[in-house]
Amino acid sequence: MSELSRWEDLFREGNLKELSLGAMKVTREHFGNSVFLRGLLEYSNYCSCNCFYCGIRRDNGRVERYRLDDDMIYAAVDSGFIRGLRTFVLQGGEDPEFGTDRMCRVVREIKRRTGDAAAVTLSCGILSRESYAALKDAGADRYLLRFETADTELHSYLRDGVSLERRLKALEDLRSLGFQTGSGFMVGLPGEDDELILRNIRLARKLELDMIGIGPFIPHPATPLRDAPQVPLEKTLLATALLRLFCPRAHIPATTAAGSLEPDGREKMLSCGANVLMPNISPVEVKPHYLLYPGKICLDEDGLHCIGCLGGRVAAVGRKLSFDRADGLICKRRDRVEAGT
Ligand code: SAM
Ligand code: SF4
Ligand code: FES
C-alpha cells in the first residue's frame, strides 16, 4: 500500500491525531515555524454570479452593495504596508463595473507604491484569458480561484450552470500566463461524502498548486442552501491534514470560515498543517456587507488590530508570524526546471 493510500485510510477512519502529527512534520520541514500573513481586501460585493452557497450571490436582494474607490484601496494597502504586510489579496464578486482596465490600474498603482517588495494576489473569479494576461502584464503576481468541488454535477448545480471544466480552464490559463496559482474547495457542501473530499484533495494535488484554500461550508440563511446541515469543523481539520500530506509545499491558509465556526478554528487548522493567515484589512464600514456566511469574525476590528491578535494566537500554538512575502514554492521549482538550472 502506498504512503498516500495509508493516509487516505486514516482520513476515512477519522484519525485526526495521526494525520495531524504527519502533517505537522511535513509543514515544519518546508516552512519551519513560520505562519505567513496576507492582507485581504474585499474590494466589491457586487456579483453577476448566483452560486447557491454564497451570501453575496446576485439574487440576494438583502445585501447592501458597495465598491471601494481606488483611494480607499490604496489607503488600506499603505497602512498594511507600513505595518509590514508584503502580500495584498484583492478579492471580490464577479463585478463587471470593476472591469479589467480598472483592476489593471489598481494593480499597477499598488506595485508602484510598494515596489516589488509586495506581492499582489487577485481573486476576482472567472475572466477571459485576455483579461488575465492584461492583469499579469499590469504586475499581478498570484491568483486565487477555488474549484469548490471536484464533482462535475454538483459543481454545475451549485454554481448555477457554470461548469467545473470552465473553472479548470481558467486555472490552466492562469498557470500558463505565469501566475502563482491558488485553488481549493469548501468542506461539507450538501451531497458531499468522504470519497468526494478525497477526490477534491487528489485534484488539488494534480493541479500542482502554489496555494490551496479550503474551509468549512457555512450555510447562509438568504441562499438556496439555507437548510443544509452544518458539517462539524473536524471534517475540515481532517481534510487540512491530508491536504498537507498530499501537497507538502503548498501554502495553505487557516481560513476565516474555520475561525467563524469555532473560536479557535484557525489555530486548529494551523495545528493540522496550515501555514498562512489572512487578516481582513478592508475598511471596517464595509466589512459587514461582505457576508459570505453568517457569523463571520473580525467585522468590527481593523485589520491591523487583527495582526496583533493573530500574533498571540499563533504563539499559543508554538508558531510565529512572518511578514515575508513568501512566494509559491511550486512555481519557483517549475521556473528552475524550465530554465534548466
Ligand atoms: N468571486 C470569487 C470566486 O468565487 O472565486 C472570489 C470571491 S468568493 C466569495 C471566495 C470564496 O468564498 C469562494 O471561492 C467560496 O469557496 C467561499 N464561500 C462562498 N460562500 C461560502 C459559504 N457559505 N461558506 C464558506 N465559504 C464560502
Ligand atoms: Fe460571486 Fe464568488 Fe459568491 Fe459565486 S462565490 S456568487 S462568484 S462572489
Ligand atoms: Fe481579527 Fe482576532 S483576528 S480580532
Side-chain angles (χ1 to χ4, degrees), residues 37 39-60 63 65 89-96 98 121-127 143-149 155 158-162 166-167 170-171 174 182-190 200 211-226 228 230-231 233 236 253-261 263-267 277-282 284 287 289-314 316 321:
L37 284 173
L40 178 68
L41 249 173
E42 296 160 340
Y43 64 86
S44 166
N45 70 353
Y46 284 87
C47 193
S48 53
C49 296
N50 226 0
C51 305
F52 282 17
Y53 42 79
C54 179
I56 60 169
R57 66 199 299 269
R58 185 187 65 219
D59 284 356
N60 183 2
V63 177
R65 304 284 170 176
V89 182
L90 303 187
Q91 189 188 82
E94 292 193 14
D95 176 3
F98 215 113
T121 305
L122 299 177
S123 179
C124 324
I126 296 179
L127 304 173
Y143 205 99
L144 301 175
L145 186 74
R146 289 185 179 182
F147 56 76
E148 315 294 3
T149 174
H155 189 283
L158 293 177
R159 301 215 60 247
D160 200 30
V162 184
R166 179 68 191 89
R167 201 80 169 167
L171 283 166
L174 290 161
S183 190
F185 54 90
M186 281 172 281
V187 177
L189 287 170
N200 288 339
M211 297 95 70
I212 309 173
I214 74 167
F217 161 63
I218 304 177
H220 188 295
T223 64
L225 302 185
R226 65 180 69 84
Q230 178 62 66
V231 171
L233 183 65
T236 300
T255 41
T256 306
S260 303
L261 200 51
D264 58 351
R266 288 169 296 180
E267 291 89 321
L277 281 165
M278 300 175 69
N280 184 345
I281 60 167
S282 307
V284 175
K287 280 185 171 186
H289 308 307
Y290 200 90
L291 217 56
L292 310 178
Y293 46 80
K296 197 173 169 205
I297 49 170
C298 303
L299 297 184
D300 298 327
E301 285 85 7
D302 179 69
L304 303 187
H305 167 86
C306 290
I307 295 175
C309 172
L310 293 173
R313 286 170 180 267
V314 302
L321 282 188

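Atoms within a ligand are numbered from 1 in the order they appear, just like the ligands themselves. Basis for what follows: all heavy atoms, side chains included, without hydrogens, waters or symmetry-related copies.
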Check contact between [X] and ligand 1, using heavy atoms of the residue and a distance below 4.0 angstrom.
| X | result |
| --- | --- |
| C51 | no |
| E148 | yes |
| A257 | no |

Of [options], which has the heavy atom at the shortest distance from [atom]?
| atom | options | result |
| --- | --- | --- |
| atom 8 (S) of ligand 2 | G93, C124, S48 | G93 |
| atom 19 (C) of ligand 1 | Y290, Y293, Y53, F147 | Y53 |
| atom 17 (C) of ligand 1 | R146, R167, R159 | R146 |
| atom 3 (S) of ligand 3 | R266, M278, E301 | R266 |
| atom 2 (C) of ligand 1 | S183, P294, P216, G92 | G92 |

(request) Tell me which part of I297 gets within contact of ligand 3: side chain, backbone, both or neither, using heavy atoms under 4.0 Å. (result) neither

(request) Please confirm if an N, O or S atom belonging to C49, backbone or side chain, lies less than 2.8 Å from atom 3 (Fe) of ligand 2. (result) no

(request) May I ask whether R159 has any heavy atom positioned less than 4.0 angstrom from an atom of ligand 2? (result) yes

(request) Do me a favour and list the nearest non-hydrogen protein atom to atom 2 (Fe) of ligand 2 with residue, atom name and distance? (result)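 Looking at atom 2 (Fe) of ligand 2, the protein heavy atom closest to it is C47 SG, 4.6 Å.
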
(message) Suppose we measure from atom 2 (Fe) of ligand 3 to each protein heavy atom; which comes out shortest, and what is that distance?
(response)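 Scanning the protein heavy atoms, the shortest distance from atom 2 (Fe) of ligand 3 goes to C309 SG, 2.2 Å.
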
(request) Of the side chain and backbone of L292, name the one, both, or neither that has a heavy atom under 4.0 Å from an atom of ligand 2. (result) neither

(request) Output the list of atoms in ligand 3 that are nearer than 4.0 Å to some heavy atom of L310, sorted by atom number. (result)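 Near L310, the atoms of ligand 3 are 3 (S).
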
(request) Give the atoms of ligand 3, by number and element, whose distance to some non-hydrogen atom of C298 is under 4.0 Å. (result)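 What qualifies from ligand 3 is 1 (Fe), 3 (S), 4 (S).
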
(message) Using ring centroids (six-membered ring only for Trp), state whether Y43 and F98 fall under 6.0 Å.
(response)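 Centroid separation for F98 and Y43: below 6.0 Å.
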
(message) Show me which atoms of ligand 1 lie under 4.0 Å from any heavy atom of S123.
(response)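 By the 4.0 Å cutoff, the relevant atoms are 6 (C).
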
